[in-house]
Amino acid sequence: MTIMATSKIYLDNAATTPLDERVIDAMCEVFKNNYGNPSATHSIGRTAKATLENARKTIAGLINAEAREIVFTSGGTEADNMAIRCVVNDLGIKHIITSPIEHKAVLETCKILEKEGRCNVHLVSVDEKGNVDLAELEKLASNYPKSLISLMHANNEIATLLDYKKVSEIAKANECIFHSDTVQSMGHYAFDVKEFGADLLTCSAHKLHGPKGVGFLYVNHQLKLKSMITGGGQERNHRAGTENVAGIVGLEKALQLAFDQLAAEQKQIFGLKQYAIDQLCNQIEGIQINGETSFEKALYTVLSCSVPPQSNNALLLFKLDIAGICCSGGSACNSGAASESHVLEAIKHPQDRQAIRFSFGRFSTQKDIDEAVSALKSILENQTVQL
């Protein structure tokens, strides 16, 4: 008897999150009644400018930054590019210290700059759970003082968290600039940029139930960076182009909601993750959990697991999709391309196992997990699952 998928179970929140209705409402108000260009000098333009600057002030306040330190971007990829390229181009940085498990927005940018002869890139080692070798990082920073250290706060594939306090200490001791890709963690933890200790942080609204196509880069005001995109003086000459006011208001609302209900959502979603781990380990013999898993060491919204070796592993995600389970094998940064994960390769993940990333959000439920585990178990037991 075939199993019919009657509805979709969405467990790919690390790729993108569903828009919160309250965010949609806030954006619709701007679309309908606040359509001016913020650079225009007439009253409608000034109203848009006031809305833009109020959002900047709100967001800065939520992370204990100054309003002038928030630069709105099209998302996390642009923010990462801006941070790395501008530091190298404008500040004369000759060495970048990063890791082999960073998002491609960081790794590929670093590789391109190195290929162009603008800098040298040094990769710090990670262990089998994705933890950065802090002793090696300290040695690299000592050997190459005044470098850029670029290390993500939370890994987008295996969830392992960075010991950012220790990294900040190492950076300061060696006069390094510290950039952290916080796309997966912004809105999921309390952020105080002064306590975090990084000079540059990134955010993308669609990772926290906001709209796609908008984010920000936090830039410590002591860094004098020029614009990567030219053609206008917007964003205090940090980024040319007419600002996406509706999207920025959506980002503002999404971040407000995230911080307003942070403690409750942390408890709820971490509970779901623990429940998923228990169900997977109890029902699927030989399953492997990748990365760290504790609340203190791992991003609570992401769970990476690997199934025992199977002859049809390559079709596993496809079969889960047919069964109505939306998840992924890793990062969704390759435009749908199915390729070996550089993160899994770096942690020496067994090549004969298929990795699955389940990621949870505000609207995830225990029922979603039950159905996902049931479908996965059925597939592994060679039961037929069809639409």
Side-chain angles (χ1 to χ4, degrees), residues 27 30-31 34-60 63 65-93 96 103-106 108-110 112-113 116 118-119 148 150 177 179-183 186 193 198-207 210-255 333:
M27 292 178 67
V30 177
F31 281 128
N34 196 353
Y35 51 83
N37 187 321
S39 296
T41 57
H42 49 64
S43 60
I44 292 177
R46 293 197 303 273
T47 298
K49 179 69 170 178
T51 300
L52 173 70
E53 294 307 325
N54 284 336
R56 193 190 313 276
K57 183 178 179 180
T58 298
I59 290 168
I63 63 173
E66 298 179 27
R68 61 176 170 164
E69 296 176 317
I70 303 298
V71 181
F72 292 118
T73 69
S74 65
T77 294
E78 182 190 334
D80 282 337
N81 267 261
M82 184 184 296
I84 296 166
R85 291 178 183 275
C86 289
V87 164
V88 170
N89 293 339
D90 303 336
L91 303 182
I93 295 297
I96 300 176
H103 190 280
K104 286 191 174 183
V106 169
E108 291 191 2
T109 302
C110 291
I112 289 169
L113 289 170
E116 293 174 348
R118 295 174 179 268
C119 65
L148 170 64
S150 182
I177 294 170
H179 162 244
S180 188
D181 179 338
T182 50
V183 166
M186 185 67 70
V193 297
D199 301 288
L200 302 134
L201 297 173
T202 55
C203 172
S204 190
H206 76 104
K207 305 293 188 177
K212 298 175 183 66
V214 64
F216 70 79
L217 174 66
Y218 158 76
V219 184
N220 185 314
H221 69 272
Q222 294 179 344
L223 299 181
K224 305 304 179 184
L225 304 182
K226 300 175 183 177
S227 178
M228 185 178 73
I229 300 174
T230 56
Q234 292 88 350
E235 294 301 290
R236 296 176 174 83
N237 292 310
H238 277 115
R239 183 187 188 268
T242 303
E243 294 94 344
N244 175 7
V245 180
I248 289 166
V249 168
L251 166 59
E252 174 193 21
K253 186 65 175 180
L255 206 55
C333 61

Open item on the list: I need the single residue from I96, I93, N89, I112 that forms a side chain to side chain contact (heavy atoms under 4.5 Å, CB included) with R118. Which is it?
Closed with: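 Only one of I96, I93, N89, I112 forms a side chain to side chain contact (heavy atoms under 4.5 Å, CB included) with R118, namely N89.
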Of all heavy-atom pairs between [X] and [Y], which one has the smallest distance, and what is that distance?
X    : Y    : value
F216 : M186 : CZ-CE, 4.1 Å
P38  : T242 : CD-CG2, 4.3 Å
A55  : F72  : C-CZ, 4.3 Å
G36  : A48  : O-CB, 3.2 Å
P211 : G247 : CG-O, 3.7 Å
G231 : A240 : N-CB, 3.5 Å

Open item on the list: Going by the rule side chain to side chain contact (heavy atoms under 4.5 Å, CB included), which residues pair with S227 if we only count those two or more places apart in sequence or in a different chain?
Closed with: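 Residues passing side chain to side chain contact (heavy atoms under 4.5 Å, CB included) with S227: I229.
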Task: For T202, all residues meeting side chain to side chain contact (heavy atoms under 4.5 Å, CB included), sequence neighbours excluded - done: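 Partners of T202 by the side chain to side chain contact (heavy atoms under 4.5 Å, CB included) criterion, ordered by chain and then number, come out as A79, D80, H179, D181, T182, V183, L217.
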Task: Close side-chain approach of T73 to E235, heavy-atom, < 4.5 Å - done: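 They are not in contact (no side-chain heavy atoms under 4.5 Å apart), so the answer is no.
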Task: Side-chain touch C86/L223, heavy atoms, less than 4.5 angstrom - done: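 Sidechains of L223 and C86: no contact.
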Hey, is the main chain of [Y] close enough, under 3.5 Å, to the side chain of [X] for a donor-acceptor pair?
X    : Y    : result
H42  : G45  : yes
D199 : I177 : no
R56  : I70  : yes

Enter the distance from [X]:[atom1] to [Y]:[atom2] here, rounded to the nearest 0.5 Å.
X    : Y    : atom1 : atom2 : result
C110 : K104 : SG    : NZ    : 14.0 Å
M27  : I248 : CE    : CD1   : 10.5 Å
C203 : I63  : SG    : CD1   : 8.0 Å
S150 : H103 : OG    : NE2   : 12.0 Å
H221 : R68  : NE2   : CZ    : 4.5 Å
C119 : L148 : SG    : CG    : 8.5 Å

Open item on the list: One pair to check against side chain to side chain contact (heavy atoms under 4.5 Å, CB included): N220 and E69. What are the steps and the verdict?
Closed with: CA-CA 6 Å; N220 185 314; E69 296 176 317; 4.2 Å; yes
Open item on the list: For E252, give me all partners under salt bridge (charged side-chain N to carboxylate O under 4.0 Å, His left out), at least two apart in sequence or on another chain.
Closed with: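 Checked E252 against salt bridge (charged side-chain N to carboxylate O under 4.0 Å, His left out); zero matches.
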Task: Cationic N near anionic O, under 4.0 Å, E53 to R236 - done: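 Looking at R236 together with E53, the answer is yes, because their closest N to O distance falls below 4.0 Å.
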